[in-house]
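Residue numbering restarts at 1 for every chain, and letters A, B, ... go by the order of the sequence lines. For clarity, every value in this text was computed on a predicted model and none was experimentally measured.
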2 protein chains.
Amino acid sequence: MEPGPCSRPAEPGHCVSGSAVAGSAFPASPLSAAWAEPGSRPGTVAAVLPAGGCGERMGVRTPKQFCRVLERPLISYTLQAMERVCWIKDIVVTVTGENMEAMRSIIQRYGHKRISLAEAGATRHRSIFNGLKALAEDQPDCKLTKPEVVIIHDAVRPFVEEDILLRVVLAAKEHGAAGAIRPLVSTVISPSADGHLDHSLDRAKHRASEMPQAFLFDVIYEAYQQCSDFDLEFGTECLQLALKYSHRKAKLVEGSPDLWKVTYKQDLCAAEAMIKEKISQEICVVMNTKDEEESVGHLLEEVLRKELNCINVTSTVMDHTGGDIKNFTDQCYSFIYVNVVSSDSQETRKLLSIFEESSLPLLYPVVVVLVHCFDFTFVPLAQKMESLMWIRELAKEVRERNILLSGLLLNYSQVTATCNASSKGPETLSWYVHTPAHVCTCTQTHICVQM
Amino acid sequence: MEPGPCSRPAEPGHCVSGSAVAGSAFPASPLSAAWAEPGSRPGTVAAVLPAGGCGERMGVRTPKQFCRVLERPLISYTLQAMERVCWIKDIVVTVTGENMEAMRSIIQRYGHKRISLAEAGATRHRSIFNGLKALAEDQPDCKLTKPEVVIIHDAVRPFVEEDILLRVVLAAKEHGAAGAIRPLVSTVISPSADGHLDHSLDRAKHRASEMPQAFLFDVIYEAYQQCSDFDLEFGTECLQLALKYSHRKAKLVEGSPDLWKVTYKQDLCAAEAMIKEKISQEICVVMNTKDEEESVGHLLEEVLRKELNCINVTSTVMDHTGGDIKNFTDQCYSFIYVNVVSSDSQETRKLLSIFEESSLPLLYPVVVVLVHCFDFTFVPLAQKMESLMWIRELAKEVRERNILLSGLLLNYSQVTATCNASSKGPETLSWYVHTPAHVCTCTQTHICVQM
C-alpha cells in the first residue's frame, strides 16, 4: 500500500508539499519503505509541547523558547518542524498565562496551523499533564479528539526530523512508550552531600534521554493521573512515569545529534548558524531578458556554479507574469536579480511583490541582490547616485517585510565585460552569502549600497 | 601579600600582560582577594591536554581539536587560554604520531610557549598517562620538572577561564583531587540489554563531570600506575581513578556554561559565534589629522558610540611614529582608518605595517575599514576608480597576513556633510561588524570595494 495522502492527515505519508506552512527550508525526510507498510501505521497522532519554562539557564530574561533566531522566535521553528509532518493531527502547546498572548501572536504571524494552546503548570510534568488533559475525552473542556499515540517534544529542539518522530511513534505503538536517546557527552557522577565525588557512572552503560518521546495515549495519561505530587513537582522523565505507573518499559530509539536542546547562549548561536547554513543552500539568478547567451546574468550564473561547489545555483527569466519565479519560491531564499536592459524600477517592484505575495519572507529572511549594469563611461555620476538612493529607499521599505535588499551597480561594458569574464574566469564576478546582516562580497570593482 | 608577579611563574598572580601570547582577546580574570592569600597558592602547576581523539562524533574527517574556527585550529584557542595563566609552568599536549608534525607547526605558527608534546595513546586514559609520564621524574625521558599539582583539561574546551582553573587547583591541593561539574541538561537513563528503559536517574542527584580537573601530581600518577588495563582501555573519568586507586574523594567545583566541550558540528558554529562576539567588543577609529572638532572622523566616532551601545568605541590620531596606535593593538581587532586630508597610500601602508609588526593578526583576523573622503562633485570618476583598484590590490596582499581590509570612498563635502551629520544623526554614518567575511554595512551612500 502507498503511504496515505494529505487528505488523510491521521496517517503517516510522504506529503510534504501539502503541509501547512509554506516555504519550509527543511523538507520532511522521505519515509522509508518499511514505514509505509500497513502494520507500521501509528493511527491518530497528536503532540504536546511544553513551553512554560523560564529559561533561567540561558542567562537572559526572555524564556529560551521565545528567544529570537534570525528575528523569529525559536518555538516557531519547532512548530514548523512538527507541522510539516502531516500525520500529526493536533499540536498542543502549553504556555504560562503571561505568555499566552505572545504565543497567540506568534501562531498568527507565522501562519502556524493545527496548534491548540493550554495553560502551563508550575513544573514540566504539570505542563505536560495539562497538555494531555486538553486531548483527553474525560475532561469537560476537551475540544480535541483523543489520539491513539501522543508525541511529547520540547519547544527548544527545533531540528527534529520526521524520521525520528515516526520511529518513536511506531515504537510507542508497539511497546506503549518510546523515547529518543543519545550517547553521553560527559561522564555522569553522583556527588556526596558535602560536594565530593561519591561515584562515577560507567558512560557506556548510560544514555542521555532526549526528545521526542511517544506513548500510547492511555498509557501516559493513566500514569499522569496516578502519579504523586512529588513526581509532578520534582520528576523530569516521562518514560519513568510510564514505567512506574503503567508498567511499560519504554523502547529506546537512537537519535541524531540534531536533536540537541537549545539550553545555553551558545546553543542559540549554534541554532542560528545551522539555520543560516540550511537556507543558504540555493541561489537563484533572475534575469530580465532571455537574450544573449553571453549576458552578464549567464556569466554570473556560470561563475557562481564554479565558485560555490556546495551551493545549488539555478536561474530563471523574469517574464511579464513572473510565473517562472514562483516555482522557486518554496525553498530558495537567495536571489540575484540582474537587470541589464534597463534599470526600470517597476520591474524590480514586481519581483519584490512576487516574494511578498508568496509566504516566503514569513519564515526566513529573503535576500535579494539587485544588480544594475551600466557602462560607467557613458553614465553620468548623478544618474548612478540616483539609482543608489532609490535602492536605499526601497531596501528600507522592504526590510519591514523581511526582505533584505542590497544593490550593486556593475560597471559593465557589453564589449569589454564579456571579454573580461571569459579571460578572468572566476575572478571577475561576485559571490554572495545569505545572511540577514547583508553580507555581500564581490571581486568585481563596483559601486555598492547596503542597508 | 600581593599575588606573585610574572617573574615567578610558578605561583598564581594577576599578570596577564606578561603572559606569553600577545594580543589576547580573552584577558584572564582577576584573582579574587581570597586566592591571593598565602595559603591559597597552589605551588608548581603543570597541565596535561589529551588531544589524540579522532573526532568521530563531529562527522568530519579532521579530528575536532584541529578543526578551524576563524581559520585557526580549535586547539590553538585552548592553548592560548591555558598560556595566559602565567602560574601554569608547563603544558603537555598528547597527540598521535601522525598529527605530531601538524601540532608542531601550530605551536610555531601561533607562537605558543611552554608547550611540550608527548605521544597520545590509543585511549583517553592512556594519553593522559603518557602526558603524566612526561612530567614524572621517575621516567628516563622526563625533561620537565615534576609539578606539585597537575591540571587535566580537554583540547576542545577553549573557553576555560583562569578563575575555574585556580579553583580546581586550590581544591586539588587541599583534597588531592578536584573537578569542574555542571548540572545535567538531559535526564540520564540506564538501558536494558534489549534496548528498553531499565531505570532513569534522578537528575537532581547527578552532575555532568566536565573539565578542568586537577590533582596532586603524586595522587593521580600513582592511580594511573596502579590501574588495570581494563581501566586504561574503557575508563573515562580521572576522578574515578583517584578515588579507586588513591582513595581521594575529589572535591567537585561548579563551573560555568562556558566550559562546554566542542563535540558536534553545531558546537563549532557556537564556538565561532562566541569568539566573534568577544573580538567585536572594541572598535578604534584612527584619524590622520588632529584638526577640526567637526571632522568626519569625530562624527563617525560619535555616531558609532550612539549606535553601538554594547561596543567600546575609542579613537586615536595616526602620528608620524604610529605610537598611539600601538596602545590599542593588544586587545582591539577592528579599526576604521579615516583619511580626510589625502589618500596617501604611504600612510595606509604605515598603519598596516604597525598591525603586522604587532602580533595582533597572529591570533585573530584584524579588520580594517579604510575610509577615503572625497567631494564627489570635484573628483573625476577615473581617480575614484584608481583608489578602489588600489585598495583592492592592497586587500589581496594583506589578506595573507590575516588582515581583512575593506575600502569605503565617502562622498564628503566639508560643508554639507557636517550639516547632514548633525541633522540626520545616527542615520548618517556607518556601523561595522568584525567578521572575517568582511561585513560592512553602511547607511551612507558610498562607493565601496570589498574583497
Name the region of [X], side chain, backbone, both or neither, that has any atom closer than 4.5 Å to a heavy atom of chain B.
| X | result |
| --- | --- |
| Asp198(A) | both |
| Lys251(A) | both |
| Glu277(A) | side chain |
| Ala204(A) | neither |

Value rounded to 0.5 Å, distance of [atom1] in [X] from [atom2] in [Y]:
| X | Y | atom1 | atom2 | value |
| --- | --- | --- | --- | --- |
| Glu210(A) | Thr187(B) | CD | OG1 | 9.5 Å |
| Arg203(A) | Glu237(B) | CZ | CD | 8.5 Å |
| Cys269(A) | Ile275(B) | SG | CD1 | 11.0 Å |
| Leu201(A) | Ser190(B) | CG | OG | 8.5 Å |
| Asp267(A) | Asp267(B) | CG | CG | 8.0 Å |
| Arg207(B) | Leu197(A) | CZ | CG | 13.0 Å |

Donor-acceptor pair, side chain of Glu272(B) and main chain of Ala270(A), under 3.5 angstrom: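 Such a contact is absent between Glu272(B) side chain and Ala270(A) backbone.
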Check: Ile189(B) main-chain N/O paired with His206(A) side-chain donor or acceptor under 3.5 Å: no
Residues forming a side-chain contact (heavy atoms from CB on, under 4.5 Å) with Glu174(A), sequence neighbours excluded: none
Side chain proximity check, Leu184(A) to Thr236(B), heavy atoms < 4.5 angstrom: no
Contact listing (chain A partner; residues 238-246 of chain B; heavy atom under 4.5 Å): Leu239(B), Gln240(B), Leu243(B)
Options Gly195(A), Ala208(A), Ala271(A), ranked by heavy-atom pairs under 4.5 Å with chain B, top entry: Gly195(A)
Interface residue of largest heavy-atom contact number with chain B, from Pro191(A), Gly179(A), Ala250(A), under 4.5 Å: Ala250(A)
Worked verdict on Tyr264(A) versus Arg182(B) for side-chain contact (heavy atoms from CB on, under 4.5 Å): CA-CA 12 Å; Tyr264(A) 298 109; Arg182(B) 290 281 310 150; 2.7 Å; yes
Taking every non-hydrogen atom, the tightest pair across Ser186(A) and Ser209(B):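 Minimum heavy-atom contact is CB-O, 3.4 Å.
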Residue pair Lys261(A), Val185(B): steps toward the side-chain contact (heavy atoms from CB on, under 4.5 Å) verdict: CA-CA 8 Å; Lys261(A) 186 174 171 183; Val185(B) 169; 4.1 Å; yes
